A.B. asks: 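Below is one structure. I have some questions about it.
Residues take their numbers from the sequence shown, with the count starting at 1. Computed from a prediction, not measured in an experiment: that's the story for all the values here.
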Amino acid sequence: MNFKKIALVAVLVVSQVASAVPAFAVAASSTAVSKSTVTLEATPTPVLEPEATDPLPSLQPTGIVSPTATPLPVSSSIPTATPMPTATSLPAITPIPSATPGATVQPTPFAGQSLSASGNNQLVLLMNSNKMYANGILFLANQPMAVKNGVSYVSIRAMVERVGVKFIYDYKTKETIVTSGNNIMRFKTDSKIYTVNGNKVTMKGPAYQYKNTFMIPLTSITAALAIPYTVDNVKKQVILTLNTKPTASFTVQPTEIFAGQTTVNFITSSSSPNGTAIVNERWEGNKQDIYDQPGYYAVTYSVMDANGQWSNPYTLTINVIQPNQPPVANFTTDKDEYKMGEPVTITDLSSDPEGDVLTTEWMNRSLAFFNPGPLSIQLKVTDTHGLSSVFEKTINITNEQLYTREEVEKLFTPQGDVLAGDGSSIPALPNLTYNISSEAYTLIRSNSPETVNTEGVLYRETAFGATRFLVHHKNNMSTRQKVYIIATNNNLYPTTITTQYVGFAGPASSPEYTGKISVLKYYSSLLNGGNIGTITLQPGESVPILTDTSKIAMKPGEIISLSADLFSDYPVQYNVIMVEQTKDPLVALPTLPILDRDGVHNRGTYPDSTRIINVTDVVGTTQSKLLLGDNKSDLNLIGVDPMSATEASNSGNFGVLYKIKLDRVAPNTLITFNPRGGNYLGSVVVNGTIVNLSNKGSLANADMSAVVYRTGQYETAVEILFTVASGSNLPVNFVFTPLPALK
């Protein structure tokens, strides 16, 4: 006898048997039966790769002949594939034809097969076999459970028919669509991704077609249908516990419920995992349409299906609050009688019982009054629920004059509020004499085309070290778009980018608004040290940075605005692009065209974009001005447009950060901000405090000035930080005016 041949045959037999054990089969004890709950495919068992003619390992059960693919018989107790109802809104979808059979129905009373579990609502799968036991009844799947690349696969049709949920096959998209209750799951041929109500989930391996059968990883269908399971490693069984109970839930509207006032709407939701009709419902607890008293009320809801099964009870606790009370309007004045032109100090004492933020409306309030006699001041406050209250107080104005109207406005107008007057004399005021220097910040201004009509590269530049971005663009396309700033490391070594200060606004429809808010946030970042982050790019790596620009897609007609400072330790290529919201910017970048300038707005790369203005003379003894953005006393930065290789002039010096240092400002000096080029909406930082320009509305014309700062009784130094807000107009003036004497 040839013992070598016998031994070789024995080894091959053992190897093939081992190859039939799925990845979740763990080596069992030779003396005891182990039964445990594990994650399928967690510990793959080494398998023998099948031959090319047999792409899946399988082990045909003894004594059972696997049926050929035939239409399901009419007498079968297994439901045939049912098309999804019209309400699912899935057009052009065809039910799986009978030529793609699932578990062939040969219900056989359980006999002669030792199962670990065969109770009600249990489905038992035999490893490497097409046998399935549903509640102790034997069924045969059209394909056995198999192992491919270390992943256990089952026929999706055999599974869902035994579980009792609906499914169809979409030939157009090559998707099997499973409906369980309110959940819709989509599995696609040759894909490791399936979706649940549109949300993507990754499987252990890709779904595939084998002999006209759609096979998927077992763990994916158990996860998708939320089916718990255990594994009997000795008996080679996977035991699934099926949930056939319906589910019930409800919500209440509105979200705020006031005792004795609010009618409560109970909005229910229920479903059955196998599509059985819901025929009854039950409410328990304290369910009322209107709750008379405040407090917490527990309400429970359950439903019953046509099989007589009740859902688990769903309980919600309803918070009924005290009815809303109206606010209380109240204020005081520092006196009851005033001279003409004497400032009236008003203290608002209004309150709301629930602590709501109140909207205030004043009638006849002013810094001072200039007509003698009794005068009534009225305040109306309104809470967020629309309830309001009014308070009124009468003061008396005497015949004696303290200040003129002009003096009152100069002395007492709050910071950020507007002084109205004749601005025609301001251009003739003398300019301050100052020393000018710069800090080496490279400015990348991406502002042309400002109105973007097609996808493309808005700006491309390589910069090194301290870099400043000013990005301001409008989506003029019919689809939603996103703006990305992509940093690419073209060096042979890692490059680190440190984000220092960031201000972003939008998307919004107003260019002035986005410009104002982005500058305001930039100042806040600069003062508070926020928005600091570091990213390291490996050689050849591209990464979107300053990602606020792409968090929300721009609707047609919307605008975004960005002001930001960063630092790189090696040269980095930056691409500012606009693409349709669903596109991957890194994939799209190589194919995007470089867009032309619009001929009106500016783009360019400019050196030395931090401009330091130092005034050493005494300021404020006589009226004078500091003029910015005129390209005469304050020259434009000169740079280059790298896409066209032409010289660029930064008209208006947008993106330049001005550091204005006034070493000596005279006592009782008023500093105001006056626009000369048209509407202005922005802000400025004075001695570390942000001041709006203006507090309400905008500075619409040259006859309007916003109060920036007042000095006190002593000479002092003043430092101003200013950058032009995108969407506003240049030039602008800071005006220094001696104040009238205090009385």
Side-chain angles (χ1 to χ4, degrees), residues 202 439-447 452 455-473 481-506 518 521-522 525-526 528-554 560-595 603-610 639-643 645 655 657:
T202 302
E439 291 179 359
Y441 252 101
T442 298
L443 170 63
I444 293 176
R445 181 180 176 185
S446 179
N447 190 202
V452 184
E455 295 180 2
V457 177
L458 304 169
Y459 204 87
R460 175 174 292 164
E461 179 61 287
T462 297
F464 164 62
T467 306
R468 176 168 293 137
F469 282 88
L470 178 67
V471 179
H472 186 76
H473 293 286
Q481 300 286 315
K482 287 187 175 182
V483 171
Y484 295 89
I485 300 171
I486 299 175
T488 301
N489 178 13
N490 292 321
N491 303 295
L492 299 176
Y493 23 79
T495 299
T496 298
I497 300 174
T498 301
T499 302
Q500 297 168 317
Y501 315 114
V502 177
F504 173 77
S518 64
K521 291 181 177 179
Y522 174 77
S525 175
L526 189 132
N528 300 323
N531 296 304
I532 296 176
T534 298
I535 184 171
T536 299
L537 277 67
Q538 298 304 315
E541 184 179 12
S542 294
V543 176
I545 62 170
L546 303 172
T547 53
D548 286 343
T549 62
S550 58
K551 285 182 178 178
I552 302 175
M554 304 163 66
I560 60 102
S561 191
L562 171 78
S563 297
D565 292 352
L566 53 79
F567 183 89
S568 65
D569 55 359
Y570 290 104
V572 175
Q573 184 188 76
Y574 300 102
N575 280 276
V576 182
I577 68 171
M578 185 182 290
V579 292
E580 197 273 330
Q581 63 173 340
T582 62
K583 292 185 178 180
D584 185 325
L586 298 180
V587 174
L589 177 59
T591 64
L592 292 175
I594 294 177
L595 302 183
R603 73 182 184 193
T605 302
Y606 303 99
D608 304 327
S609 64
T610 295
V640 64
D641 179 350
M643 279 84 78
L657 178 64

A.B. asks: Is there a side-chain contact between Glu461 and Met643 (heavy atoms, below 4.5 Å)?
C.D. replies: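 No, every pair of side-chain atoms sits at 4.5 Å or beyond.
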
A.B. asks: Side chains of Tyr522 and Asp565 only: does a donor on one sit below 3.5 Å from an acceptor on the other?
C.D. replies: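 Side-chain D/A pair, Tyr522 to Asp565: present.
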
A.B. asks: One thing to verify: whether Lys482 and Glu580 come together as a salt bridge, which I'm taking to mean a side-chain N less than 4.0 angstrom from a carboxylate O.
C.D. replies: no

A.B. asks: Tyr484 and side-chain contact (heavy atoms from CB on, under 4.5 Å): which single residue from Ile545, Asp584, Val579, Leu458 fits?
C.D. replies: Val579

A.B. asks: To the nearest 0.5 Å, how far apart are OG1 in Thr495 and CG in Asn489?
C.D. replies: 3.5 Å

A.B. asks: Work out which heavy atom in Ser609 is nearest to a heavy atom in Leu443; give both atom names and the distance.
C.D. replies: CB-CB, 3.5 Å

A.B. asks: Are the side chains of Leu492 and Pro539 in touch, meaning some heavy atoms are under 4.5 Å apart?
C.D. replies: no

A.B. asks: What is the minimum heavy-atom distance between Thr536 and Pro494, and which atoms define it?
C.D. replies: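 The pair with the smallest heavy-atom distance is CG2-CB, 4.0 Å.
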
A.B. asks: Does the side-chain hydrogen bond (donor to acceptor under 3.5 Å, both in side chains) test come out yes or no for Tyr459 and Thr605, once each step is laid out?
C.D. replies: CA-CA 10 Å; Tyr459 204 87; Thr605 302; 2.5 Å; yes

A.B. asks: Measuring from atom CG of Leu586 to atom CD of Glu541, what distance do you get when rounded to the nearest 0.5 angstrom?
C.D. replies: 9.5 Å

A.B. asks: Please find the pair of heavy atoms, one from Ala487 and one from Leu537, that lie closest to each other, and give the distance.
C.D. replies: O-CD2, 3.3 Å

A.B. asks: Where do Arg603 and Asn447 come nearest, in terms of heavy atoms and distance?
C.D. replies: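 Taking Arg603 first and Asn447 second, the nearest heavy atoms are CB-N, 4.2 Å.
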
A.B. asks: Give, for atom CG of Leu470 and atom OG of Ser518, the distance between the pair rounded to the nearest 0.5 Å.
C.D. replies: 7.5 Å

A.B. asks: Measuring from atom CZ of Arg468 to atom CG of Leu657, what distance do you get when rounded to the nearest 0.5 angstrom?
C.D. replies: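 Answer for the CZ-CG pair, Arg468 versus Leu657, is 5.0 Å.
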
A.B. asks: Please walk me through it: do Leu546 and Phe469 pass side chain to side chain contact (heavy atoms under 4.5 Å, CB included)?
C.D. replies: CA-CA 10 Å; Leu546 303 172; Phe469 282 88; 4.0 Å; yes

A.B. asks: Could you go through residues 569-577 and list every donor-acceptor pair under 3.5 Å that involves a side-chain atom there, pairing it with any protein atom two or more places apart or in another chain?
C.D. replies:
residue, atom, partner, partner atom, Å
Asp569, OD1, Thr496, N, 2.8
Gln573, OE1, Asn575, ND2, 3.1
Asn575, OD1, Arg460, NE, 2.5
Asn575, OD1, Arg460, NH2, 3.2

A.B. asks: Within a strict 4.5 Å, meaning less than it, do heavy atoms of the Leu562 and Ile485 side chains meet?
C.D. replies: yes

A.B. asks: Taking atom types as modelled, is there a side-chain donor on Ser446 or His473 under 3.5 Å from an acceptor on the other?
C.D. replies: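 His473 and Ser446 do have a side-chain donor-acceptor pair below 3.5 Å.
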
A.B. asks: Give me the atom names and distance for the closest heavy-atom approach of Thr499 to Leu566.
C.D. replies: CA-CB, 4.0 Å

A.B. asks: Could you walk me through whether Val457 and Leu589 satisfy the side chain to side chain contact (heavy atoms under 4.5 Å, CB included) test, starting with their C-alpha distance in whole Å, then the side-chain angles of each, then the deciding distance to 0.1 Å, before giving a yes or no?
C.D. replies: CA-CA 8 Å; Val457 177; Leu589 177 59; 4.2 Å; yes

A.B. asks: About how many Å separate CE of Met578 and CG of Leu592, when rounded to the nearest 0.5 Å?
C.D. replies: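 Interatomic distance, Leu592 CG to Met578 CE, rounded to 0.5 Å: 11.5 Å.
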
A.B. asks: Minimum heavy-atom separation for Tyr501 to Ser525, with atom names?
C.D. replies: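 For Tyr501 and Ser525, the tightest heavy-atom pair comes out as CA-OG, 3.3 Å.
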
A.B. asks: Hey, what do you get for OG (Ser550) to CZ (Phe504), rounding to the nearest 0.5 Å?
C.D. replies: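 Going from OG on Ser550 over to CZ on Phe504, the span is 8.5 Å.
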
A.B. asks: Tell me, with the steps shown, if Leu595 and Val452 meet side chain to side chain contact (heavy atoms under 4.5 Å, CB included).
C.D. replies: CA-CA 9 Å; Leu595 302 183; Val452 184; 3.9 Å; yes

A.B. asks: Show your reasoning for whether side chain to side chain contact (heavy atoms under 4.5 Å, CB included) applies to Met554 and Val483.
C.D. replies: CA-CA 8 Å; Met554 304 163 66; Val483 171; 3.8 Å; yes

